[in-house]
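Chain identifiers are assigned alphabetically (A, B, ...) following the order of the sequence lines, protein sequences preceding nucleic acid strands; residue numbering begins at 1 within each chain. Hydrogens, waters and symmetry mates play no part in the numbers below; they use all other heavy atoms, side chains included.
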2 protein chains.
Amino acid sequence: MVQIMLNLKPYKNLLKQHELSLTAVRLAVLETLEIHPHSDADKIFNIVKNKIATTSKQAIYKNLNALAERGIIREIKPKGRSSLYETRTGDNHHHLVCRQCGAVRDTDCFDHAPCLEPMCNHGFKVDEAEVIFWGLCPPCQKNLIKTERKEK
Amino acid sequence: MVQIMLNLKPYKNLLKQHELSLTAVRLAVLETLEIHPHSDADKIFNIVKNKIATTSKQAIYKNLNALAERGIIREIKPKGRSSLYETRTGDNHHHLVCRQCGAVRDTDCFDHAPCLEPMCNHGFKVDEAEVIFWGLCPPCQKNLIKTERKEK
DNA sequence: CAAAAATATTGATTGATTAAATATTTTTTG
DNA sequence: CAAAAAATATTTAATCAATCAATATTTTTG
């Protein structure tokens, strides 16, 4: 098991600013997301449980919602999966999701904010563009080629 | 109640091409989606039930999945909502979703296919870009202004 | 450190969606 | 066109993520 030292001070300040108390579970959730971006509640729960054996899934969910509401973390929800969370926020970056294995990768926004300008906005006041690129990650592309060969 | 006559022949051909049988429920689902784009399974179920009183939600779900798998319809899933379906496919168009009332509107893809080109693709082979623009629709913007005035 | 506020834990519940088994409809074939 | 085969529909039960409510514990504040 690898121990990674994280500086949680910036988060502690951020939580204070948002009038959120500094609880063990909350900090553990943030730490987990720093190390494992794009995790879902279940995965976070299992990781946090290693540190805080008595923790509950409910606490994980509540914290994820509280943090996401305040923009401290960001929630993405590719269809067919549970919600995923990440600490990288405020840059409107996008995601690549593998149809096969579910791998998730970040990719930058095209420009400063063109993503917030749809072709026709129907009078909508747009504040967020959520972009998911669906496809196959490199390993799954290779597996597909192997499978195709076998099928011949 | 307004009766709208729809020509379902193109769909019948499409279903044949995909080796799907022409069942009453399936055609009713397609007809419903033509008239009410961005409907969820429950809404479709209720509308279809008016025509086919004995129908089941299970049949609706199975048909939606079968049609979506073959690209005959498209599924979108804004976070926090059930899956929505539409018959407009193949043009990689995007969606505007109102945070307040949930209204959904189509908006065209920016260009022919730039949406399929993320900044950095991490070696992914991308085949679809799913874009949801979040914001407020015109009526909800007005309501917000009213509410702000009242609060003063 | 004690009171007040916020959060955590526990247990039950919801809601969308899927699974499995049987009945019915649609398609195919002679 | 009728019977067999295949596909689909219906019914009932189950799953899974996520939320709600009530009580216990922790954190914050003065």
Interatomic distance where CZ belongs to A:Phe45 and P belongs to D:dA18 [whole Å]: 14 Å

Point-to-point distance, once rounded to the nearest 0.5 Å, from CG of B:Leu33 to NZ of B:Lys43: 9.5 Å

NZ/B:Lys125: more than 12 non-hydrogen atoms of other groups inside 6.0 Å: no

Whole-Å distance separating the NE2 atom of A:His18 from the C1' atom of C:dA5: 19 Å

Hphob cluster co-occupancy, B:Leu15 + B:Ile44, side-chain heavy atoms under 4.5 angstrom: yes

B:Leu136 to B:Gln141 - nearest heavy-atom pair and separation: O-NE2, 2.9 Å

Flag for A:Glu86-A:His95: side-chain donor and acceptor within less than 3.5 Å: yes

side-chain N/O A:Thr54 vs C:dA8 OP1/OP2, d < 4.0 Å: no

Nucleotide-resolved protein contact map, nucleotides 15-30 of chain C, B/S/- at heavy-atom distance under 4.0 Å: -SBBB------SS---

Between D:dT11 (C1') and B:Ile60 (CD1): distance, integer Å: 15 Å

Any A:His94 side-chain heavy atom under 4.5 Å of A:Ile132 side chain: no

Polar side-chain atom of A:His38 near backbone of A:Arg105 as donor-acceptor pair, under 3.5 Å: no

Selection residues 41-90 of chain B - residue pairs positive for ring pair (Phe, Tyr, Trp, His ring centres under 6.0 Å), sequence neighbours left out: none

Five-pair end axes of the helix from C:dC1-D:dG30 to C:dG30-D:dC1 and the angle they enclose, rounded to 10°: 40°

Interatomic distance where CD belongs to A:Glu19 and P belongs to D:dT27 [whole Å]: 18 Å

